[in-house]
There are 2 protein chains.
Amino acid sequence: MGIAERRLRQKDEVRSSILETAWNIVREEGWQSLSIRKIADAIEYSVPVIYDHFANKEAILLEFGKQGFNLLASKMEEAKKTTEEPGEQLKAMADAYWNFAFRNKEYYQLMFGLGIACCETDKCLPGTITFRDLVMEPISRLLAENTNKQINGCLKYHTFWSVMHGLISIKMTANTAEVADELNKMVLDDAIDGFIRNLKG
Amino acid sequence: MGIAERRLRQKDEVRSSILETAWNIVREEGWQSLSIRKIADAIEYSVPVIYDHFANKEAILLEFGKQGFNLLASKMEEAKKTTEEPGEQLKAMADAYWNFAFRNKEYYQLMFGLGIACCETDKCLPGTITFRDLVMEPISRLLAENTNKQINGCLKYHTFWSVMHGLISIKMTANTAEVADELNKMVLDDAIDGFIRNLKG
DNA sequence: TAACTTTGCTAACGGTGTTAGGTAAAACAC
DNA sequence: GTGTTTTACCTAACACCGTTAGCAAAGTTA
């Protein structure tokens, strides 16, 4: 009785084509321009079919949000593995974050833009690694070597994200080429260097 | 012949009531929920009247954007005047920025949220002071005292904004009380302290 | 009073997310 | 193979949205 299986497969294909089509629309016209009707048109089904696969429009966006967070997490994990020195790890992850943001503007805008608030940056990952674990560990190692024991690691963790997010979101919002690209990357490098220097004491 | 004047006055009153009403809606229901029809309803005029005063909806948002940037600039200018020491000035301005953001969430969200992109953070002020002047001056003074002449002030200027914006926008997007308020303020203070320490060399 | 200008309205256009209700085809039971 | 039930899918609507064309009434001027 492979009928049920075939049906599930077909249903999954429609679901996939919804996501694929939506992604194309977003890439070509931006999030603002994505509409249920446009998707329905493109996949050659009527509008209500979409609601058989997603509760509402936000559920579609959330799906992309998850994808984005997973991709970002894997890129940062990968970056971290390239070195053992905690300071270098932080720099590598900052680099990975930067690259992710500008190679996947659509994802980044959805994830951190007008708070689709997919998650609090942490949750909604496959359960294994969290961003917190990833970034907190090298911070703690640097702080352990620091003679000044007053410094709060949790606080530094937030600073790390804030600096990166701030730099990227300002650059992304700014009218394209307000400042040269290299300068922006230098600002990030400089800020992260300063951050690490302060961690080392 | 005060007729024309009275008419102008009356027209201005309608314009003001549009802005006032719009602001009330935003405060009570958020930017997402602001619509031309709601404004028209509330001021007890028909919809097209609004278009006699504003070219379109975005023009209304832009008006608020200008207000926001002016308010922020004045708060930061005021903060700067409280001290002469450049490091203290930067801290005071960071504080003022922080306070502005959380005492005027609606403004901040409009100004830096989903890029209504009112301006590039600088322009659209009354022509006199720019944010750049305000922040760049104490940075330059600190760098002048620093023996390391390699440091780029323009770069530091961008870092300053990024850190502040990053901290605030992450806290604003986060689901209300992810982290205690005091901790967040501590993160800002810590980040700005670190920033200034690095400026001093 | 007649002509003109301004003011404000109704009603529409084309778009959005979402859902109720019906039909035809496919799958199942006998 | 026939009858019944489930599934897939569509049409059409609801309630919104921003925006604009066109018209009627009121106010202003000569």
Side-chain angles (χ1 to χ4, degrees), chain A residues 1-19 21-26 28-65 110 113-118, chain B residues 1-19 21-26 28-65 110 113-118:
Chain A
M1 202 187 272
I3 289 172
E5 280 83 344
R6 191 214 57 211
R7 281 196 156 169
L8 277 179
R9 219 181 325 127
Q10 285 178 336
K11 191 144 192 172
D12 248 41
E13 269 166 35
V14 173
R15 196 189 131 95
S16 297
S17 81
I18 289 173
L19 290 173
T21 301
W23 189 245
N24 284 337
I25 295 172
V26 168
E28 280 158 31
E29 310 174 41
W31 289 109
Q32 205 69 13
S33 175
L34 179 67
S35 83
I36 299 285
R37 281 176 165 85
K38 271 188 197 168
I39 300 174
D41 243 44
I43 64 173
E44 295 177 302
Y45 276 94
S46 71
V47 166
V49 168
I50 304 207
Y51 288 89
D52 291 340
H53 298 86
F54 297 95
N56 48 36
K57 189 182 176 181
E58 197 172 336
I60 299 178
L61 301 186
L62 231 82
E63 188 67 30
F64 287 119
L110 176 66
L114 187 50
I116 305 299
C118 166
Chain B
M1 199 187 276
I3 288 172
E5 281 84 343
R6 191 213 58 210
R7 282 197 155 170
L8 278 179
R9 217 180 327 124
Q10 285 178 337
K11 189 145 194 173
D12 248 41
E13 268 166 35
V14 173
R15 196 190 130 95
S16 298
S17 80
I18 289 173
L19 291 173
T21 300
W23 189 245
N24 284 337
I25 295 172
V26 168
E28 281 159 31
E29 309 175 43
W31 288 108
Q32 205 68 15
S33 174
L34 180 67
S35 83
I36 299 284
R37 282 176 162 86
K38 272 189 197 167
I39 300 173
D41 242 45
I43 64 173
E44 295 177 301
Y45 277 94
S46 70
V47 166
V49 168
I50 305 212
Y51 288 88
D52 290 340
H53 297 86
F54 297 93
N56 49 34
K57 190 181 176 181
E58 196 171 336
I60 299 178
L61 301 185
L62 232 81
E63 188 67 30
F64 287 119
L110 176 66
L114 187 51
I116 304 299
C118 166

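Everything numeric in this text was worked out from a predicted model, so none of it was measured.
Within the 4.5 Å cutoff, the side chain of B/Leu110 has no heavy atoms near those of the B/Val26 side chain.
Atom-to-atom distance recorded for A/Ile43:CD1 and A/Ser16:OG is 11.0 Å, nearest 0.5 angstrom.
Taking atom CD1 of residue B/Ile25 and atom C1' of nucleotide D/dC17, one finds them 14 Å apart after rounding to whole Å. Residue B/Arg15 contributes atom CZ, which lies 19 Å from atom C1' of C/dG8 at whole-angstrom precision. One atom, CD1 of A/Ile60, and another, C1' of C/dT18, lie 12 Å apart when rounded to the nearest Å. Regarding A/Asn56, its CG atom lies at a distance of 20 Å from the P atom of D/dA15, rounded to whole Å. One interatomic measurement links the two molecules: CD of A/Gln10 to C1' of C/dA26, which rounds to 11 Å at whole-angstrom precision. The CG atom of A/Leu8 sits 14 Å away from the C1' atom of C/dA27 (whole-angstrom rounding).
The one candidate from A/Ile60, A/Val14, A/Ile39, A/Asn24 that meets the side chain to side chain contact (heavy atoms under 4.5 Å, CB included) condition with A/Leu19 is A/Ile60.
Contacts between residues 42-54 of chain B and DNA chain D, counted as heavy-atom distances below 4.0 Å, involve B/Val47, B/Pro48, B/Tyr51.
Shown here are the ring-ring contact (aromatic ring centres under 6.0 Å, His included) partners of B/Tyr45, two or more places apart in sequence or in another chain: there are none.
The C1' atoms of five pairs define one axis at each end of the helix from C/dT1-D/dA30 to C/dC30-D/dG1, and these two axes lie 20° apart (to 10°).
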Quick one: which protein N/O atoms are closer than 3.5 Å to N/O atoms of nucleotides 14-16 of chain C? Pair and distance per line, please.
| residue | atom | partner | partner atom | Å |
| --- | --- | --- | --- | --- |
| C/dT16 | OP1 | A/Ser35 | OG | 3.0 |

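Sequence neighbours left out, the pairs with a member in residues 35-48 of chain A that pass salt bridge (charged side-chain N to carboxylate O under 4.0 Å, His left out) are A/Glu29-A/Lys38.
Residue B/Thr21 comes nearest to B/Ala42 through the heavy atom pair CG2-CB, 3.2 Å, listed as atom of the first residue, atom of the second, then distance.
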Identify all side-chain donor-acceptor contacts of residues 46-54 of chain A below 3.5 Å with residues at least two apart in sequence or on another chain.
| residue | atom | partner | partner atom | Å |
| --- | --- | --- | --- | --- |
| A/His53 | ND1 | A/Val49 | O | 3.2 |
| A/His53 | NE2 | A/Lys11 | O | 3.3 |

